[in-house]
A.B. asks: 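Okay, handing you the structure first.
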There are 2 protein chains.
Amino acid sequence: MGAASVKWRCIFVLYYYFALDTITIKDIARALNLSTSTVSRALRDSYEINPETKRLVIEYAERLNYRPNPIALSLRENRSRVIGVVVPQIANNFFSQVINGIEAIAYNRGYHVIIFQSHESFEREVLTVQQAVARKADGLLISLSSSTSDVTHIRELQEKKLPIVLFDRVAKELDSISVTADNFEAAFAATEHLIQTGRRRIAHITIPPYISITQERLAGYRAALEKYGIPYDENLLRYAGFGQNEVEPIIDDLLGQSPDAFFAASDRLALGTLAALKKRGIAIPGQVSLIGFTNTPVADLLAPPMSTVEQPALEIGQVAAEQLINLIEGKYKGLQPERIKIPTRMVVRESSVVDVDAKSNVN
Amino acid sequence: MGAASVKWRCIFVLYYYFALDTITIKDIARALNLSTSTVSRALRDSYEINPETKRLVIEYAERLNYRPNPIALSLRENRSRVIGVVVPQIANNFFSQVINGIEAIAYNRGYHVIIFQSHESFEREVLTVQQAVARKADGLLISLSSSTSDVTHIRELQEKKLPIVLFDRVAKELDSISVTADNFEAAFAATEHLIQTGRRRIAHITIPPYISITQERLAGYRAALEKYGIPYDENLLRYAGFGQNEVEPIIDDLLGQSPDAFFAASDRLALGTLAALKKRGIAIPGQVSLIGFTNTPVADLLAPPMSTVEQPALEIGQVAAEQLINLIEGKYKGLQPERIKIPTRMVVRESSVVDVDAKSNVN
DNA sequence: AACGTTCCCGACAACGTTTGCGTGAATAAA
DNA sequence: TTTATTCACGCAAACGTTGTCGGGAACGTT
């Protein structure tokens with residue numbers, strides 16, 4: 001009895017410990033009476049292995065479903081085939097679409113993606129980037145948090161020659177490849193559209209000023225105003241953070257400046273603005289026009305359907321991933337880091353279409 | 001000249017190769033004239049190391065910002081501190097929120113998250129799961145693809161004792177921990193709400209029938225009908241795939257059955273239904289009511305604001321991650337695998353609010 | 001003085017893989 | 001027959017870390 005129970009316990013323990021145990025090159029070597037080096041070379045189809053031996057090894061490996069241990073490879077080759085992606089928030093349509101694009105390219109080129117979130121916090125961004133480095137990511141795709149004004153933590157990594165590509169929220173101070181939407185053009189087009197439909201007092205509600213896209217979009221906005229001889233009124237400009245209820249008071253405040261249009265620089269802000277305006281019973285586009293920067297697929301279904309500048313999120317992710325992997329694999333030896341701008345697309349919907357009468361009135 | 005250029009090239013090469021080189025335990029040992037074992041023990045605060053030596057080592061390590069190499073640790077300990085997440089699509093509000101929840105918990109408990117997408121394809125799911133295993137993930141969080149009817153690829157892993165937790169799209173055949181919304185209750189509540197507002201011919205448009213949630217939701221729908229003595233009419237039931245334009249013809253088809261309400265079993269389907277109905281000029285809720293299963297934050301801003309059953313995506317992710325990590329860390333020795341249901345919340349908005357007159361007419 | 005403890009520390013193996021080098025055997029060339 | 005050459009394979013080191021073992025020195029106990 002005792003002996004039997006011990007026996008069963010042993011079997012259980014063995015099963016438990018070895019069941020998940022994937023087969024290694026050593027197992028193959030032992031089974032075939034070869035050395036690990038021979039097996040390794042056979043699997044890599046080295047010329048210095050007898051074809052017959054190769055056949056044996058490969059057959060056996062396939063039969064037992066051998067998979068090389070990527071961790072051992074990483075340790076040896078000092079590369080992980082992992083790229084780290086640092087975004088402010090995953091649960092944001094824009095970023096999840098970008099990640100989608102990244103993953104597609106990475107997958108095709110044999111890399112995996114580890115996601116890190118900075119939660120719009122500078123401190124967490126620093127920590128998270130360190131984590132990614134400690135995890136031995138081969139390269140980093142970063143979109144800066146909105147509270148990041150100091151980028152030395154990134155610069156240090158660049159100086160250590162860690163491949164880095166920035167996307168969307170980039171920093172001018174960093175001399176790296178960057179991939180963004182053409183924010184200037186997009187903002188210019190949106191503003192111009194509002195002007196051409198007769199609007200003059202165009203409020204611009206945007207995200208914190210540190211990050212690059214804010215400045216580019218603001219520049220586009222101002223350039224359009226200037227082109228049409230409309231003076232820039234900084235009372236019509238507001239920065240909104242990422243809190244829950246930040247938008248409403250800002251809208252209230254802006255309404256005091258009697259704007260006839262709102263240009264919101266992000267998805268979240270556009271929706272917040274729409275909600276606030278509706279809540280206050282302000283007619284869109286009757287009293288004010290609205291156009292947003294967005295990636296929501298439902299702009300069409302809103303009330304009213306919302307004009308937007310669409311950012312090619314998927315494409316940004318794809319291009320950024322391609323650039324990074326090229327960088328990792330050393331295909332850019334001497335070239336200058338490039339700043340890539342992906343064109344956007346403006347979709348005019350009801351929220352900014354002023355009918356002819358109203359337009360002539362306004363004018 | 002030649003010698004100088006060679007010298008510079010050497011320096012460049014050295015710099016290039018060693019700049020990123022993080023410091024190892026060996027470097028510390030060499031610098032302090034100790035053995036690697038001593039350094040290792042000193043850093044782990046072993047009792048058998050002289051306090052003075054410890055101080056020296058720890059000081060030096062901190063000064064040079066030593067970080068243990070997680071890859072070496074993984075190789076040695078046969079664990080990666082990585083959890084693999086397999087979802088049909090990242091760029092889906094529900095899943096990105098789930099991932100958000102997963103990441104939050106994983107981060108706190110010292111794990112990282114690698115994302116895999118099955119793109120709703122069975123073949124890619126199998127491949128991707130294999131990838132995750134080959135990558136030595138310590139455990140897997142899986143939401144099955146809609147085309148997955150055979151789950152042997154998952155079962156095999158379970159039999160190999162790989163910790164697995166299923167969420168949202170689970171399979172009854174698999175004896176594992178699962179975390180889902182309470183789909184039956186949610187569907188029951190939604191249907192009951194439609195009935196209580198006077199609807200009788202309630203169309204149900206849902207996702208492919210293999211996956212668990214479809215069946216649970218359908219069961220809830222039917223149970224509500226039964227409770228109110230309304231015969232189940234299978235002509236009012238439609239399955240939609242994940243193609244671009246699948247919803248519209250289905251709606252057209254359903255409209256032939258003169259329904260007075262639509263209950264859509266997913267976010268995407270609800271929005272597609274809304275779009276199709278609007279396109280056809282059908283008044284909501286005048287002619288038909290609409291209620292969706294959704295996670296979109298903009299339901300309120302739609303025209304009309306859409307009634308929804310909200311799934312607690314973030315919470316599902318958190319609970320699933322917790323369960324998995326407990327499983328990985330062996331905290332469940334003998335316990336039965338649990339099927340956890342997270343309660344949902346129904347939010348009634350205009351799209352299903354029938355005014356009194358209309359209601360009495362319909363009745 | 002002989003012995004047992006305690007304290008600190010180093011050597012070594014192991015995790016899975018690749019690779020430079022060495023080597024015995026068979027073959028070819030002299 | 002001797003000497004090169006080619007072929008096919010094994011040995012050992014390395015990647016960074018931890019744990020087992022063992023051992024020298026200093027101390028305390030008979």
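Because the structure is a prediction, the values reported are computed rather than measured. Order of the sequence lines fixes the chain letters, A, B, ..., with proteins taken first and strands second; residue numbering starts at 1 for each chain.
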A.B. asks: List for me each residue that meets side chain to side chain donor-acceptor pair (under 3.5 Å) alongside A/Asp138, sequence neighbours excluded, and say none if there are none.
C.D. replies: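 By the side chain to side chain donor-acceptor pair (under 3.5 Å) rule, A/Asp138 matches A/Ser80.
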
A.B. asks: Mind checking whether B/Tyr111 and B/Ile328 have side chains closer than 4.5 Å, heavy atoms only?
C.D. replies: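 Yes. Closest side-chain heavy atoms under 4.5 Å.
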
A.B. asks: Which whole-number value in Å describes the distance from A/Arg76 CZ to D/dC15 P?
C.D. replies: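 Atom-to-atom, A/Arg76 to D/dC15, this comes out as 10 Å.
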
A.B. asks: Taking the side chain as every heavy atom from C-beta outward, state whether A/Phe116 and B/His112 have any pair of such atoms under 4.5 Å apart.
C.D. replies: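 SC-SC contact between A/Phe116 and B/His112 confirmed.
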
A.B. asks: Just so I know, are the side chains of B/Ile115 and A/Val113 near enough to count as touching, which here means a heavy-atom distance under 4.5 Å?
C.D. replies: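 No, side chains not in contact.
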
A.B. asks: Please work out if B/Leu75 contacts a base, only the sugar-phosphate, or nothing of the nucleic acid, heavy-atom cut-off 4.0 Å.
C.D. replies: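 B/Leu75: base contact, heavy atoms under 4.0 Å.
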
A.B. asks: Would you please name every residue forming a side chain to side chain donor-acceptor pair (under 3.5 Å) with A/Glu59, sequence neighbours left out?
C.D. replies: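 For A/Glu59 the side chain to side chain donor-acceptor pair (under 3.5 Å) partners, ignoring immediate neighbours, are A/Arg55.
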
A.B. asks: B/Glu77 has an atom CD; how far is it from atom C1' of D/dG16, in whole Å?
C.D. replies: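 So the two atoms are 12 Å apart, to the nearest Å.
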
A.B. asks: Identify, residue by residue, the members of residues 51-73 of chain B with a heavy atom below 4.0 Å from DNA chain C, and return them in order of residue number, or none.
C.D. replies: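 Going residue by residue through residues 51-73 of chain B, the ones with a heavy atom under 4.0 Å of DNA chain C turn out to be B/Thr53.
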
A.B. asks: Does B/Lys26 put a side-chain nitrogen or oxygen below 4.0 Å from OP1 or OP2 of D/dA14?
C.D. replies: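 No, outside the criterion.
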
A.B. asks: By the salt bridge (charged side-chain N to carboxylate O under 4.0 Å, His left out) test, which pairs, at least two apart or in different chains, include something from residues 30-41 of chain B?
C.D. replies: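 The answer is B/Asp27-B/Arg30.
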
A.B. asks: Could you tell me which residues satisfy side chain to side chain contact (heavy atoms under 4.5 Å, CB included) with A/Leu56, sequence neighbours excluded, listed by chain and number?
C.D. replies: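 Checked A/Leu56 against side chain to side chain contact (heavy atoms under 4.5 Å, CB included); matches are A/Leu32, A/Glu52.
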
A.B. asks: Using a heavy-atom distance cut-off of less than 4.0 Å, which residues of residues 38-48 of chain B contact DNA chain C?
C.D. replies: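 Within residues 38-48 of chain B, the residues near DNA chain C are B/Thr38, B/Arg41, B/Glu48.
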
A.B. asks: Please determine, for the side chain of A/Thr24, which listed nucleotide (C/dG16, D/dC9, C/dT18) has the closest atom?
C.D. replies: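 Looking only at side-chain atoms, A/Thr24 lies closest to C/dG16.
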
A.B. asks: Applying side chain to side chain contact (heavy atoms under 4.5 Å, CB included), name anything that partners A/Glu123, two or more places apart in sequence or on another chain.
C.D. replies: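 A/Glu123 satisfies side chain to side chain contact (heavy atoms under 4.5 Å, CB included) with A/Ser121 once adjacent residues are dropped.
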
A.B. asks: Please tabulate the protein-to-nucleotide N/O contacts below 3.5 Å involving nucleotides 23-25 of chain D, giving atom names and distances.
C.D. replies:
none

A.B. asks: What pairs of residues pass the salt bridge (charged side-chain N to carboxylate O under 4.0 Å, His left out) test when at least one of them lies in residues 100-111 of chain B, not counting sequence neighbours?
C.D. replies: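 Salt bridge (charged side-chain N to carboxylate O under 4.0 Å, His left out) check on residues 100-111 of chain B returns B/Arg109-B/Glu329.
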
A.B. asks: Do A/Val85 and A/Phe95 touch side chain to side chain, with heavy atoms closer than 4.5 Å?
C.D. replies: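 The answer is no, as the side chains (C-beta and beyond) never meet within the 4.5 Å cut-off.
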
A.B. asks: List the residues meeting side chain to side chain donor-acceptor pair (under 3.5 Å) with A/Thr148, not counting sequence neighbours, and say none if there are none.
C.D. replies: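 By the side chain to side chain donor-acceptor pair (under 3.5 Å) rule, A/Thr148 matches A/Glu125, A/Ser145.
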
A.B. asks: To the nearest Å, give me how far apart CD1 (B/Ile25) and P (D/dA14) are.
C.D. replies: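 The answer, rounded to whole Å, is 18 Å.
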
A.B. asks: Measure from CG on B/Asn50 to C1' on C/dT6 and round the result to the nearest Å.
C.D. replies: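 Between C1' of C/dT6 and CG of B/Asn50: 13 Å.
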
A.B. asks: When the distance from CG of B/Leu32 to P of C/dC8 is rounded to whole Å, what number comes out?
C.D. replies: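 Distance, rounded to whole Å: 17 Å.
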
A.B. asks: Considering only side-chain heavy atoms of A/Ile49, which listed nucleotide, D/dC9, D/dG10, C/dG16, is closest?
C.D. replies: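 Side chain of A/Ile49 sits closest to D/dC9.
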
A.B. asks: Starting at atom CG of A/Asn78, determine the distance to atom P of C/dG16, rounded to an integer number of angstrom.
C.D. replies: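 Value for this atom pair: 20 Å.
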
A.B. asks: Starting at atom NZ of B/Lys136, determine the distance to atom P of C/dG16, rounded to an integer number of angstrom.
C.D. replies: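 One finds 8 Å between P of C/dG16 and NZ of B/Lys136, rounded.
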
A.B. asks: If you only use heavy atoms from C-beta on, which nucleotide in C/dG10, D/dG16, C/dG16 is closest to the side chain of B/Leu34?
C.D. replies: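 Ranking C/dG10, D/dG16, C/dG16 by closest atom to the B/Leu34 side chain puts C/dG10 first.
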
A.B. asks: Just the atom pairs and distances: protein N or O near nucleotides 23-27 of chain C's N or O, under 3.5 Å.
C.D. replies:
none

A.B. asks: Check B/Asn100, B/Ile102, B/Val319 against B/Leu314 for a side chain to side chain contact (heavy atoms under 4.5 Å, CB included) and give me the one that passes.
C.D. replies: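 Going through B/Asn100, B/Ile102, B/Val319 one by one, the side chain to side chain contact (heavy atoms under 4.5 Å, CB included) with B/Leu314 is satisfied by B/Asn100 alone.
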
A.B. asks: Is the shortest side-chain heavy-atom distance between A/Val98 and A/Val87 below 4.5 Å?
C.D. replies: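 Answer no - side chains too far apart.
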
A.B. asks: Among residues at least two apart in sequence or on other chains, which ones pass side chain to side chain contact (heavy atoms under 4.5 Å, CB included) with A/Pro70?
C.D. replies: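 Scan of A/Pro70 (side chain to side chain contact (heavy atoms under 4.5 Å, CB included), adjacent residues dropped) gives B/Lys136.
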
